[in-house]
Structures are given as structure tokens and as C-alpha cells.
Amino acid sequence: MHDTLSTPAAGSSVRAAFRSPRLLTTEVLAGLVTSLALIPEVISFAVIAGVDPKVALYTSCIMAITIAFVGGRPAMVSAAAGATALVIAPLVASHGIDYLIAAVWLAGALQILFAVAGLARLVRFIPRSVMIGFVNALAVLIFSAQIRHLVDVPWLVYPLVAAGLAMIVLVPKLTTSVPAPLIAIVVLTAAVALFHLDVPDVADQGELPSGLPTWMIPDVPLTWETLTIIAPFAVGLALVGLLESLLTAKLVDDITDTPSDKTREAWGQGVANIAGAVFGGMGGCAMIGQTMINVKEGRARTRISTFLAGAFLLVLCVTVGDVVGAIPMAALVAVMLVIAVTTFDWRSIAPRTLRLMPRSETLVMVVTVVGTLATHNLAVGVVLGVLTAMVAFARRVAHMTRIDVVDGECDGVAERTYRVSGELFWASSNDLIHRFDYADDPDSVVIDLSGADVWDASTVATLDAVQHKYAVRGKDVRIVGLDGSSLNRLERLSGRLG
């Protein structure tokens with residue numbers, strides 16, 4: 001469990017945290033708060049997936065403990081998640097829990113293969129506007145998930161939530177030695193118990209486990225038919241879980257100003273999913289809301305907090321389930337509302353920012369948010385945002401190509417030079433063929449590409465077409481000015497593309 005802490009002032013490793021009572025206390029308390037916040041969330045995800053709440057809770061315990069050792073992003077928490085629950089719900093409904101476990105096994109193996117193939121490194125190609133949309137959509141989803149706990153409830157819930165919000169906001173101004181969310185949870189739980197208030201609590205969300213998880217081998221036939229049934233769900237689970245985990249890791253990187261090993265995180269997610277499946281788990285990925293609680297509210301920076309979040313979750317459910325069940329949902333709702341508000345990037349929608357920001361980047365952010373909210377799936381929103389960013393980028397670059405025409409003579413013969421500048425690829429080179437005056441140009445034409453770069457085969461095919469149009473008119477055309485990879489690409493492909 002050796003890793004680097006995420007802030008220079010906090011020390012350098014897990015070993016350093018163990019040597020510092022203050023840092024260790026921070027990690028322990030952050031893990032405790034995170035474990036309490038996990039319980040109602042993962043129970044609700046169990047309902048979405050159509051499995052017993054115990055399955056989701058066991059999954060969360062095993063994944064959090066496992067990822068603490070094998071993950072690449074310290075302080076990030078992985079557990080049964082809503083995005084993965086949406087993916088596997090149809091499989092559970094049609095084929096049952098055994099096929100689900102088999103699918104999670106396969107998904108974990110696929111995530112390890114994706115890590116070996118270097119897929120995790122592709123996260124660096126996700127634009128900043130997509131990341132902002134991802135964060136804003138996350139905040140909206142966290143906020144909206146709390147609405148059901150505030151509708152058709154006893155009126156006492158509202159003052160309890162207000163009191164929780166006040167404590168979470170005001171306590172840090174007085175002391176930061178104990179996480180404010182933990183104080184709010186303890187105080188509100190004590191108040192509800194002392195005054196015998198009849199308000200919804202954690203126990204109302206589902207039955208908590210009373211024993212340790214046990215090994216479970218899925219009872220499915222080892223046939224091609226079984227593979228065809230579970231494979232589509234396994235691929236979806238692997239991709240959605242991996243994408244959400246890597247984006248969460250990148251978000252924590254930004255918050256803590258430290259890098260993380262995305263490849264290690266990718267295969268770590270695979271190992272954690274396989275470990276969860278061994279105990280009959282439903283599969284999962286990084287829990288964004290709980291990670292924010294751990295990192296932002298709890299100020300955790302090492303794997304200790306992640307490990308303890310899983311360990312506390314297991315111990316609390318098994319040994320003091322009645323106490324945990326008595327925690328009012330109002331306390332946890334208050335915590336999640338603060339996380340939603342502080343996670344949202346309010347500057348991104350400020351009028352001044354919107355005036356300064358290119359419209360294409362604002363569009364990318366909006367598409368990411370709308371796609372996520374429409375599907376309740378962060379991965380879908382991110383994919384739509386990335387596709388929109390790609391189209392916007394291609395469109396912008398395509399219009400940056402410029403051609404200047406210079407007339408002159410060479411050895412007493414009239415010659416026209418076309419000086420092309422910009423990046424030439426499939427989008428920008430499509431219009432290139434129409435920028436030459438084939439009929440009225442002199443017999444000698446020079447295409448000067450010293451200010452351009454040839455990116456792809458489409459551009460080479462376009463240049464071949466231009467040369468052909470001049471050739472059928474008996475005119476000589478020379479392409480000059482290329483060097484490096486652009487020249488190599490032209491020489492290697494010209495005349496061979498049909």
C-alpha cells in the first residue's frame with residue numbers, strides 16, 4: 001500500500017501517514033465518512049440493477065479494499081456504481097444473478113486486457129470542455145438523486161437537512177480536525193434518537209448484511225451460447241466502468257494537483273471487479289460522489305482512506321448494522337447536497353465566461369451535460385461530448401487552410417505558384433481540389449506546401465487528383481516545400497491510392 005500522497009504538505013507516502021498521527025487521523029475519519037455515505041447509494045444502485053442490497057454492499061466492500069492495493073489513483077473510492085448498474089440490469093432481469101457474476105468476471109478480464117493494450121492512455125485526448133461537462137453533469141445527477149429523499153417525507157426532514165447543511169458549511173470555519181460531514185451525521189443521528197423523531201433512515205433503504213461475504217461460483221454452462229449472452233453486457237460494463245473510473249481519476253488529479261497512473265488504475269479496476277465477482281458481486285467502478293467526499297470533505301490523500309472505506313463499510317454493516325440503520329437519511333442528503341454544489345463548476349456558466357469561451361467549446365460542454373442527464377449515464381455523455389469536440393475541431397481546422405497565388409516566370413516561361421498554408425487532412429483537403437484554375441493557369445504550375453502539413457492519405461489522394469487534372473490539360477505541375485513525415489507520406493502513397 002505504498003503510494004505518494006497527493007499534496008506536498010501532506011507528506012510523501014502511506015508510510016509517512018502512519019508516522020504522523022494527524023495525517024493518519026485525517027485518513028481514518030475520511031474513510032469512515034465515505035463508508036457511511038456509500039451505504040444508501042449502493043443500496044439504491046442494487047435496486048436499479050435488480051439484485052439484493054447485500055450484493056451491492058459486498059461488492060463495495062471488496063472493490064474498495066482491493067482497489068486500495070492495486071489501483072493507480074490514491075484516495076479514489078471504487079464500489080457498486082449507478083452507471084454499471086444500468087448496464088447490467090437487463091441481464092439480471094432476463095437471466096438472473098449467476099449470469100451477472102459470469103459477466104462481471106469477463107468484464108474484469110477485459111479491463112485488464114484494455115490496460116495491457118494501452119487504452120487507458122487515451123483519456124488524455126478528452127478535452128477540457130468535456131471534463132467540465134462531466135463534472136457539471138455529475139453534480140446535477142448527485143443533486144437530483146437526493147430529490148426523492150425530500151419528497152413526500154415528514155416535515156421534520158427539512159429542518160434536519162437544513163441543520164446538516166449549516167454544520168457542514170460552518171464547522172470548517174471553527175475546526176478542520178474532524179470532517180464536518182461526520183459531525184453532521186453524528187449530531188443528527190443523536191438528535192433523532194434522543195427525541196424519537198420519526199424520519200426515514202438508512203434501514204428504510206434496504207436490509208443490511210448480517211454476515212461476511214462468501215465465495216460464489218456462477219452456475220452457468222461453459223458454452224458458446226453463454227458467452228454470446230454475457231459478452232455484450234461484459235463489454236459495456238468494462239468500457240463504462242473504465243471510462244468513469246479514468247475520468248474520476250483525472251478529476252482527482254486536478255483537485256489534488258498530482259498525477260496518477262491511469263494504466264495501473266485500468267487493470268486495477270479489472271482486478272477489483274474480478275475480486276468482487278468471486279464473492280458474488282455486481283460489478284462497479286469509481287464512485288464519483290463518494291470520492292469527492294473522501295478527497296474534498298475528508299481531505300484524504302492516500303490509499304489508507306480507500307482501504308478503510310471498504311473495511312469500515314463491512315464492519316459497520318455486519319457488527320453495528322442497527323446503529324448504521326438508525327442514521328437519518330436527512331444527514332446523508334445534506335452531505336450529498338454540499339458535494340453537488342461544490343462539485344459544479346459555477347464559473348463555466350458565468351456570463352463573462354460564456355462571452356469569452358468559443359461557442360464550439362460551450363456546445364461540447366452542453367452536449368456532455370445533456371447526453372448524461374438524458375441517459376443517466378456519465379459514460380454516454382462523455383462519448384457524445386468527445387464526438388462533438390472532434391467534429392468541432394475538424395471543422396475549425398478545415399477552415400484554417402489558406403492559398404495565396406503568385407504569378408511569375410521561370411526561364412522566360414510564365415509560371416503560377418500556389419502557396420498553401422495550414423493543416424491538410426480529410427476535412428480541409430476536400431475543398432482543396434476546387435481552389436485551382438486548371439483551365440486558365442499557364443503551362444507551368446507550382447504547388448508550394450512549405451507552409452502546410454500533410455496529415456493523411458485523403459490529402460495525398462487529393463494532390464494526386466489535382467496533378468491529374470493538370471496533366472489531362474497538358475500542363476506541368478510540381479509539388480515542393482514538403483519535408484519530414486509529410487514528404488515521406490506523399491512519396492510513399494502518391495500514385496498508389498487509385
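All values below come from the heavy atoms of this structure, side chains included, with hydrogens, waters and symmetry mates left out. Note that the numbering runs from 1 along the sequence shown for the chain. Everything quoted here is computed from the prediction, not taken from an experiment.
- Here CG of Leu106 is found 9.0 Å from CG of Leu113. Values are rounded to the nearest 0.5 Å.
- Heavy-atom neighbours of Lys469 NZ from other residues, nucleotides or ligands within 6.0 Å: at or below the threshold of 12.
- Closest approach of His149 to Val333, counting heavy atoms only: CB-CG2, 3.5 Å.
- Nearest heavy-atom pair, Val295 versus Ala75, reported as atom, atom and distance to 0.1 Å: CG2-O, 3.7 Å.
- Atom CZ of Arg473 sits in a crowded spot, with more than 12 heavy atoms from other residues, nucleotides or ligands closer than 6.0 Å.
- Looking only at side-chain heavy atoms (C-beta outward), Met365 and Val130 stay at 4.5 Å or farther from each other.
- Here the shortest heavy-atom pairing between Glu27 and Ile304 reads CB-CG2, 3.8 Å.
- Under the 30°/60° scheme for interplanar angles, the aromatic rings of Phe69 and Phe307 are found to stand perpendicular.
- Residues passing the side chain to side chain donor-acceptor pair (under 3.5 Å) test with Ser494, sequence neighbours excluded: Asp464.
- Between Val278 and Ile101 the shortest side-chain heavy-atom distance does not fall below 4.5 Å.
- Two residues are said to be in side-chain contact when any heavy atoms from C-beta on lie closer than 4.5 Å; Leu384 and Thr368 fail this criterion.
- Checking Asn294 against Thr291 by side-chain atom types alone, no donor-acceptor pair falls below 3.5 Å.
- For the pair Leu239 and Leu242, the minimum side-chain heavy-atom distance is 4.5 Å or more.
- Contact check on Asp448 versus Arg478 returns no salt bridge, with no Lys/Arg side-chain nitrogen under 4.0 Å from an Asp/Glu carboxylate oxygen.
- Thr66 contributes no side-chain N or O that, together with a main-chain N or O of Met63, makes up a donor-acceptor pair within less than 3.5 Å.
- Heavy-atom neighbours of Arg492 CZ from other residues, nucleotides or ligands within 6.0 Å: above the threshold of 12.
- Side-chain contact check for Ile230 versus Trp105: every heavy-atom pair is 4.5 Å or farther apart.
- Annotation for Ala120 and Lys262: closest pair CB-O, 3.4 Å, computed over non-hydrogen atoms.
- To the nearest 0.5 angstrom, Ser486 atom OG is 8.0 Å from Glu423 atom CD.
- Checking Tyr418 against Asp441 by side-chain atom types alone, a donor-acceptor pair falls below 3.5 Å.
- When each of Asp253, Thr248, Thr306 is paired with Arg73, the side-chain hydrogen bond (donor to acceptor under 3.5 Å, both in side chains) condition holds for Asp253 and for no other.
- Met287 CE to Thr84 OG1: the interatomic distance, rounded to the nearest 0.5 Å, is 9.0 Å.
- Counting only distance, with no hydrogens or angles, the side chain of Arg303 and the backbone of Val14 share no donor-acceptor pair below 3.5 Å.
- At least one donor-acceptor pair closer than 3.5 Å links the side chain of Thr256 to the backbone N or O of Val252.
- Figure legend: Lys475 and Tyr470 shown without cation-pi pairing, the cationic atom not lying both under 6.0 angstrom from the six-membered ring centre and within 45 degrees of its axis.
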Intermediate values then yes/no, side chain to side chain contact (heavy atoms under 4.5 Å, CB included), Trp346 and Val341:
CA-CA 9 Å; Trp346 296 100; Val341 172; 4.1 Å; yes
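- Within a 6.0 Å sphere centred on CG of Leu222, heavy atoms belonging to other residues, nucleotides or ligands number 12 at most.
- Other residues, nucleotides and ligands place no more than 12 heavy atoms under 6.0 Å from the CZ atom of Phe143.
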Check step by step if side chain to side chain contact (heavy atoms under 4.5 Å, CB included) holds for Leu432 and Ile403.
CA-CA 9 Å; Leu432 187 65; Ile403 296 182; 3.5 Å; yes
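- In this structure a side-chain-to-backbone donor-acceptor pair under 3.5 Å is missing from Glu41 to Ala37.
- Contact check for Met216 versus Phe279: no side-chain heavy atoms found under the 4.5 Å cut-off.
- We find the CZ-OG distance between Arg128 and Ser348 to be 8.5 Å, quoted to the nearest 0.5 Å.
- Note that the CG atom of Leu100 and the CG atom of Leu91 stand 6.0 Å from one another [nearest 0.5 Å].
- A donor-acceptor contact closer than 3.5 angstrom is absent between the side chains of Trp267 and Gln111.
- More than 12 heavy atoms of other residues, nucleotides or ligands lie within 6.0 Å of CZ in Arg489, so this atom counts as buried by the packing criterion.
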Derivation and outcome, side chain to side chain contact (heavy atoms under 4.5 Å, CB included), residues Asp476 and Asp443:
CA-CA 6 Å; Asp476 176 62; Asp443 291 339; over 6 Å; no
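- The shortest non-hydrogen separation linking Val42 to Ala79 is CG1-CB, 4.5 Å.
- In this structure, Thr343 and Leu138 have side chains that are in contact, with non-hydrogen atoms separated by less than 4.5 Å.
- Expressed to the nearest 0.5 Å, how far OG of Ser129 lies from CG of Leu363 amounts to 9.0 Å.
- The nearest pair of heavy atoms linking Val380 to Gly371 is CG1-O, 4.5 Å.
- Legend: residues meeting salt bridge (charged side-chain N to carboxylate O under 4.0 Å, His left out) with Asp407, ordered by chain and number and at least two apart, are Arg416.
- For the pair Met292/Glu297, no side-chain contact is recorded, criterion being any heavy-atom separation below 4.5 Å from C-beta on.
- The backbone N or O of Gly481 lies less than 3.5 Å from no partner atom in the side chain of Ser450, so there is not a single donor-acceptor pair.
- Between the side chains of Gln290 and Thr34, no donor N or O sits under 3.5 Å from an acceptor N or O.
- Asp456 places a side-chain N or O within 3.5 Å of a backbone atom of Thr459 that can act as its donor or acceptor partner.
- A donor-acceptor pair shorter than 3.5 Å can be found between the side chains of Ser78 and Gln269.
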Could you go through Met76 and Glu265, starting from their C-alpha distance and side-chain angles, then the distance that decides it, and tell me whether this counts as side chain to side chain contact (heavy atoms under 4.5 Å, CB included)?
CA-CA 10 Å; Met76 192 168 76; Glu265 184 60 43; 3.3 Å; yes
